Each structure stands twice: as structure tokens, then as C-alpha cells.
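Computed over heavy atoms, backbone and side chain alike; hydrogens, waters and symmetry mates excluded. Here is the naming used below: chain letters follow the sequence lines, and residue numbers restart at 1 for every chain. This is a predicted model, so every value here is computed, not measured.
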Amino acid sequence: MNIFADFKSRIDGVVNALAAEGALPAGLDLTRVAAEPPREAGHGDITTNAAMVLAKPAGKNPKELAAVIAERLKALPDVTGAEVAGPGFINLKINDEIWRGALRDVLAIGPAYGDGKIGGGEIVNVEYVSANPTGPMHVGHARGAVVGDALARLLAKAGFAVTKEYYINDAGGQVDHVARALHARYLQVLGKLSEEDVQGKLARKEIMYGGAYLMPVAEKLAGRDGDKWAKVEDEKTWIPPLRDFTVAYMMEAVKEDLAALGVQHDIFSSEKALVDAGKVDAALQYLADQGLTYTGVLEPPKGKTPDDWEPRPQLLFKATQFGDEVDRPVKKSDGSWTYFAGDIAYHKDKVDRGFYNLINVWGADHGGYVKRVQAALKALTVGKGKLDVQLAQMVRVLNNGEPVKMSKRAGTFVTLRDLIDEVGKDVVRFIMLTRKNDAPLDFDYAKVMEKSRENPVFYVQYAHARGRSVFRHAAEMFPGADLTDKGLGKADLSLLKDSDEVGVLRMIANWPRTIESAAVAHEPHRIAFYMYDLASAFHGLWNKGNDAAELRFLQAADQNVSLARLALVRGVGLVIASGLAVFGVEPVEEMR
RNA sequence: GACCCCGUAGCUCAGCUGGAUAGAGCACUCGCCUUCUAAGCGAGAUGUCGCAGGUUCGACUCCUGCCGGGGUCGCCA
């Protein structure tokens, strides 16, 4: 249960009662009324801005209104005090039993604690990764993969029905380029080209992809088809089969990488399949029928005109009608559809499959593309569809503060697999979520493995491991005691009297609220900061026990106090496990 | 030139979608770490929230205009 949401509705109830009595006008808008933990401890347990928000529409002085509302709130069960403070805040003190109730909830439901209903079962589609099937996944992809995956898990926890989707860009020019590059490598495998020949082709830009990663693909192709494609001159003949071969190979590699990262999609959608099924034609025909496309000439972009710019009439989508800056081309000069046209069809396809709440996770370099797709979605759904695009910023790879030099041409970029092999998937996942996704992130090989407070992965995992360690000791100290979650649920929690213990209780009670706000904001990184804070508070309790023996979790002479504290320790562990589950990270039993 | 993101302590970043005296880690200063659950602990100091206006009872948060950094800008995806 979300205690703050509960109190928000109780406060709403008080206001409605006052309105019914005529003390306040009827029909006040309560959406801005909030019940929150105060920023400052010492301002009570729960604070509400009700009086300040309602003062104006009610035509009342905020402080006087606050006094009236506070008087009513005082009379509520569980409320032990209500004071007006500052410009009109009402600070509530509530029975500690409420906080203890949160801990009992955790013990009763385990890591599912914090699962919310705000999603209301609404269907959401989260599209992420969608890396081109032209090469192995690198660090940049990893961030989008992790952010998308965590966001999907977060939304699911908050009560949304989430579908995780991957869009395969297996149509268009890029995959043809890879096919050509593969052909060159294939000829090299057959001994018909030397490495120098291939590099020459690269230099002359006859092929666009030079990476040696294509060698095993070429070998596999030669193994299957022999020299079949070496004899065929016309590339029109060999491009399709070689393209399909590469795409299949790369997608297999991508799926392996994703599996190693613990990322699993529900659906893989193919651009080529959309094209082949005529869905691009159909989508653009749909827009044409609405009168939303026309043939026109675009102005060259000011300030930076491409060298080869020449005004040319082309088929445009009226994106400006839906909030974009300029109308956007949907056809290339050779008459084929642009990538955008395919994307229009793809988003129409999502809508046709029943998704109106869409989230896309893209690399920041696609930022300029957001408005036009949102415009397209508006056009396709008559404004009913929502598309939020989360842009994942650059990841800078460092080793002890030193930037790791990367070059795609030289093939020395850091692959996702390198990263996982080096530090493990859980560390990769956690670190990728320690910044909001629209801020650049430094990933330091050395620092993420450090065992110190500076390293959030370690610090959070260490808190969990310490909790488990306490239980191993407890089992020895109290051999007959019931240390299961159920057993601990019966402990006398009123024995948790220390202010820091109560502080941890409050943080636990804040978990459902944290999930809700992070889910609504589409910001999984907030979970990382919550977990760090909770871990920090837990380590604080532990340290206090070092100084004052009577504050240790385990008191050999007092089993009841020990059980109450074990309940708290377990609660912290379960909430951390619950948060790590959102991140797709395994909690550890002990540090090694 | 336009659009998007960013600008908060010396450094790296939070700031709960408008709330009260803006927070954490690192670095810095001081004290502690023979016992204890110490891959350390405690205490202290640190700010024109890029600048200037505006909206509001109230602005780091919203709006406008500048300044600085990054990204993108018809026929790549």
C-alpha cells in the first residue's frame, strides 16, 4: 500500500466534507493537492499543501484555511498531530504503527512489495535497442538496451501491461552496404581478394563496412554456398541472398549479446516484412487519403547548406500540421520510400496492434527525428496516440579516469560483449542506470569494480549481503527461532525505537511511492538513487551498532528485540531485491 | 540559421514533475579505528542553482530572451 496515496485520499475526503457543509465551495479541483514526505525531517511525517493550493479558488486565506483543515485531520484515526507551518503547510504526525505496517507488508509480499496499480493494466509498448543488423553491439547500444529494459520492468511493476519490442532495420541501403562488404570478405575467404584489395575497396568507398567481424560470416557463407556467388557478376543477383544471410547472422549475434545482458524482447518486428507486406505503401496511402501528403520543394537548411543541395520537388508529409518545424520527405529521388516512410508504417502497425501508449528508446543522435515521428503518430491516431521518446546519451568508456580510445574504422570500439566479459552483466546494467538517460555517462572499468562507497553497485549489493550475513549469525544465535518472513511478521515491531531505525522504516514505506513516480516520469534512474539512499541508511544503522553495542541487530540476551531488528534488516533486503529486480540485477548473498 | 539535450559545491552528479533553511559521494580539515558487525567511522567547511526578465502566496523546477557546451539538420538508418 502507498501510505502517501492513502493519506492524499483522506485529505481529499476532509476537503469534500468541508465542501458538503458549505465551508468550502463545491467542485474544487483537488489534483494539485499532494501528500508527501516532508523534505526536512522534523516537519512531521506527512506534509500537505492542500490549504495553499485551495486558498485561491476557495477565496480563503491560506493559513486560516490550513487551520480549518488541520483541525479535521487531527480527528482522523492514526493522526496524532496536525500543525500549520510556514505559508500554509499542514504537517501531520502519524502513529508509528503505520510505518510498521509497511514493514509487515514487505515481509508478507516479498519483492513484490511496491507493485502498483497506477498503470491500471494499460497497454504500453516499449521499443528499444533496435540496433541495425550490420555489426556487433557496442557500448552505446548497451545503454539503450538497459534503459529500455529497466523502464519496461518498472512500468510492469507499476501495473502497466508492457510489451517489449525490437525493430529490425533489415531493409534499405545500410543492409545492402553490408551485403557488399560481406561479398568482398567472401571473395577474400575464397582467395580471390587480398586484405589489401579489401582495404582498397574501403578507401575508394566501394564498400562502407570494413570491420574484420565480417570474416567469420564470410567463412560461414563460403561453407554453405561454396564459390556460388563469386561467379555471379551482377550484384542485383547476389545482394538479396547475402543481405539475408548477414541479417540472420547478425540478429543471432545481437540476440546472444542481449541474452548475455539479460535483455529479452517480446516481439521482433522486421522493417523488410513491413515493406514486403505492402504496409509502407498502405500507410502512406492512408496519409494521402487524409490529404496529409503533397509534392513540394523544401528550403535548404539555413546556415549549413549541403554542398550538393539542389531544390527538388518531392513527396512530403505535412508534419508542420502536427507540431514539427518543416514538412518531411517520404520519398527519395530514386522513387523509393525514405526511412521515415517506413517508420510511419511501423508506428501505424503498432497502433493497429492496439498500442496507443508508445515509448521509444533511441540514441541521442536521433534526437532530431523525434518530432516528426510524434507528428506522424498524431496524424495516424487523430491525436489519441502518445509517444514518448527517451534519448540515451553517449557513454564514455574510461579506465581509471583515462579515456579508452575507440575507432569504428579500426575496429577498436568496445563491444557489449567485451564489457560484460570484463565486469559482468549486473555491473553493466546497474551503472547504466545511475544517470538519467539524457545526461552523458562515464563508464570507468576500474571504478565500477571498486569496493567502496563511491561505487553504487558495490554499496547497494554490500548492504544486501550484510543483511544476509546477519541472518546467518542469527540462525546460530537463536536456533529455535522462526526466522522466515512469516515468522518475522509476528515480531513486536514496537521495539524498533531508535530514531534511525524508524527512519529506515519510513524509507521502506516510501518505496511504493518511488516506484510510482519513477514509472510516471519514465525515469528508472531514480530507483538507483533510492537504493543507494536506502543502503546508506542501512550501513548507518550497522555502523551505529559498532559504537553502541546495544544497538546491534543481534542481542543474545534479548530475542524479542533481535527479532524486531531482523524484521527490519530483512525488510531492507527485500526492498533492495525488489529494486534490483527492476534493474534486472541479481542481489548477492555475500561479497567476495 | 533552426530544433533537441545539458549548465546546481573545487570535481562527479541528485533534487521526488511548483513548496519550507538546495542535497550526496569524492577531494579538503579535525578526531577515531587494541574490544565490537570497520573492504573504515564520526564531525566540520563548501553555493550569485549560467545570466536577465516574467508568471505565482512560493521558482533549481514553468514561460520569454540572451550566454556557454554537446547533438541533429532532403535522397543514412
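Side-chain atoms of A/Asn49 stay outside donor-acceptor range of the base of B/A20, with no qualifying N/O pair under 3.5 Å. At a cut-off of 3.5 angstrom, counting only N and O atoms as typed in the model, there is a donor on one side and an acceptor on the other between the side-chain of A/Tyr462 and the base of B/A39. The base of B/A14 is not paired with the side chain of A/His525 by any donor and acceptor separated by under 3.5 Å. Interface remark: the A/Thr47 side chain does form a donor-acceptor pair with the B/A20 base, using a distance-only criterion of under 3.5 Å. Interface remark: the A/Arg453 side chain does not form any donor-acceptor pair with the B/C26 base, using a distance-only criterion of under 3.5 Å.
A/Asp500 pairs with exactly one of A/Arg565, A/Lys544, A/Arg506 by the salt bridge (charged side-chain N to carboxylate O under 4.0 Å, His left out) rule, that one being A/Lys544. When A/His366, A/Gln390, A/His347 are each tested for a side chain to side chain donor-acceptor pair (under 3.5 Å) with A/Asn360, only one passes: A/His347.
Atoms CZ (A/Arg435) and C1' (B/G15) sit 14 Å apart, rounded to a whole Å. Whole-Å rounding puts the A/Leu534 CG to B/A14 C1' distance at 16 Å. Between the P atom of B/C76 and the OH atom of A/Tyr369 lies a distance of 12 Å, rounded to the nearest Å. The nearest whole Å value for the distance from the CG atom in A/Asp438 to the C1' atom in B/U17 is 13 Å. If you measure from atom CG of A/Asn455 to atom P of B/A24, you get 20 Å, rounded to the nearest angstrom. Protein atom NZ of A/Lys318 is 22 Å distant from nucleotide atom P of B/G74, rounded to whole Å. Counting to the nearest Å, the C1' atom of B/A77 and the NZ atom of A/Lys332 are 9 Å from each other. If you take CZ of A/Phe340 and C1' of B/C75, they are 15 Å apart, rounded to a whole angstrom.
At the heavy-atom level, A/Phe529 lies under 4.0 Å from the strands shown only through sugar-phosphate atoms. A/Ala85 comes within contact range of at least one nucleobase, with a heavy-atom separation under 4.0 Å. Counting any heavy atom pair closer than 4.0 Å across all strands shown, A/Lys56 reaches sugar-phosphate atoms only and no base atom. Heavy atoms of A/Gly172 sit under 4.0 angstrom from primed sugar atoms or phosphate atoms, though from no base atom. Residue A/Asn91 is classed as a base contact, given a heavy-atom separation below 4.0 Å to a base. At the heavy-atom level, A/Pro62 lies nowhere under 4.0 Å from the strands shown. Backbone-only contact: A/Arg526 has heavy atoms under 4.0 Å from sugar-phosphate atoms and none from a base. Across all strands, A/Glu310 comes closer than 4.0 Å to base atoms (heavy-atom distances). As judged by a 4.0 angstrom heavy-atom cut-off over every strand, A/Asn546 is placed among the base-contacting residues. Using a 4.0 Å heavy-atom criterion, one finds that A/Tyr459 contacts no nucleic acid atom at all. Note on A/Met591: a base of the nucleic acid sits closer than 4.0 angstrom, heavy atoms only. A/Arg513 comes within contact range of at least one nucleobase, with a heavy-atom separation under 4.0 Å. Note on A/Glu450: nothing from the nucleic acid sits closer than 4.0 angstrom, heavy atoms only.
Comparing the C1' positions of B/C60 and B/C51 gives an interatomic distance of 14 Å, to the nearest angstrom. Separation of the C1' atoms belonging to B/C67 and B/G53 is 15 Å when rounded to the nearest angstrom. If you take atom P in B/G65 and the same atom in B/A20, they sit 28 Å apart, rounded to whole Å. Taking atom P in both B/C5 and B/A14, the straight-line distance is 16 Å, to the nearest Å. Comparing the C1' positions of B/G50 and B/U61 gives a spacing of 16 Å, expressed to the nearest Å. Nucleotides B/C33 and B/G42 have their P atoms positioned 15 Å apart, rounded to a whole Å. If you take atom C1' in B/U35 and the same atom in B/C28, they sit 31 Å apart, rounded to whole Å. Spacing of P atoms, B/A9 relative to B/G47, comes out at 10 Å, to the nearest Å.
Taking a pair as Watson-Crick or G-U with both hydrogen-bonding distances under 3.5 Å, the stems of three or more pairs touching RNA chain B are B:1-7 with B:67-73, B:10-13 with B:23-26, B:28-32 with B:40-44, B:50-54 with B:62-66.
Distances shown here put every side-chain N or O of A/Arg39 at or beyond 4.0 Å from the OP1 or OP2 atom of B/A22. OP1 and OP2 of B/C3 both lie 4.0 Å or more from every side-chain N or O belonging to A/Lys371. Close to B/G15, at under 4.0 Å from its OP1 or OP2, lies a side-chain N or O of A/Lys436.
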Next item on the list: Just do the side-chain contact (heavy atoms from CB on, under 4.5 Å) check on A/Phe478 and A/Leu563 with the steps written out, would you?
Entry: CA-CA 10 Å; A/Phe478 306 110; A/Leu563 288 175; 5.6 Å; no
Go through it in stages, so that I can follow the logic: the residues are A/Phe553 and A/His473, the test is ring-ring contact (aromatic ring centres under 6.0 Å, His included), and I'd like the CA-CA distance, side-chain angles, deciding distance and then a yes or no. CA-CA 10 Å; A/Phe553 300 129; A/His473 287 294; over 10 Å; no
Practice problem: Under the ring-ring contact (aromatic ring centres under 6.0 Å, His included) rule, what do A/Phe538 and A/His464 come out as? Steps first, then yes or no, please. | Solution: CA-CA 9 Å; A/Phe538 176 74; A/His464 188 269; 9.6 Å; no
Does the side-chain contact (heavy atoms from CB on, under 4.5 Å) test come out yes or no for A/Phe430 and A/Met531, once each step is laid out?
CA-CA 11 Å; A/Phe430 197 109; A/Met531 285 195 284; 3.9 Å; yes
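Environment of NZ in A/Lys279: sparse, with no more than 12 heavy atoms of neighbouring residues, nucleotides or ligands closer than 6.0 Å. Enclosure of atom NZ in A/Lys447 is not indicated, since only 12 or fewer non-hydrogen atoms of other residues, nucleotides or ligands lie within 6.0 angstrom. For A/Met394, the CE atom is loosely surrounded, since the number of other residues' heavy atoms within 6.0 Å does not exceed 12.
Taking the side chain of A/Asn543 as heavy atoms from C-beta on, and the options B/G42, B/A39, B/C75, the nearest nucleotide is B/G42. Comparing B/G25, B/U72, B/A77 by their nearest atom to the side chain of A/Glu454 picks out B/G25. In this structure, of B/A2, B/C26, B/G15, it is B/A2 that holds the atom nearest to the side chain of A/Glu325.
The aromatic ring of A/His366 does not sit over the base of B/A77, since the test of centres under 5.5 Å and planes under 30° is not met. In this pair, A/Phe89 lays its aromatic ring flat on the base of B/A20, centres within 5.5 Å and planes under 30 degrees apart.
Both A/Pro301 and A/Trp337 lie near RNA chain B, and the one whose nearest nucleotide falls closer to the 5' end is A/Pro301. Residue A/Pro87 is the one, among A/Pro87 and A/Gln174, whose nearest nucleotide of RNA chain B lies closer to the 5' end (criterion: closest heavy atom).
Remark: A/His141 NE2 to A/Tyr128 OH distance equals 14.5 Å, nearest 0.5 Å.
Between the side chains of A/Arg453 and A/Ser536, a donor-acceptor pair is found at a separation under 3.5 Å.
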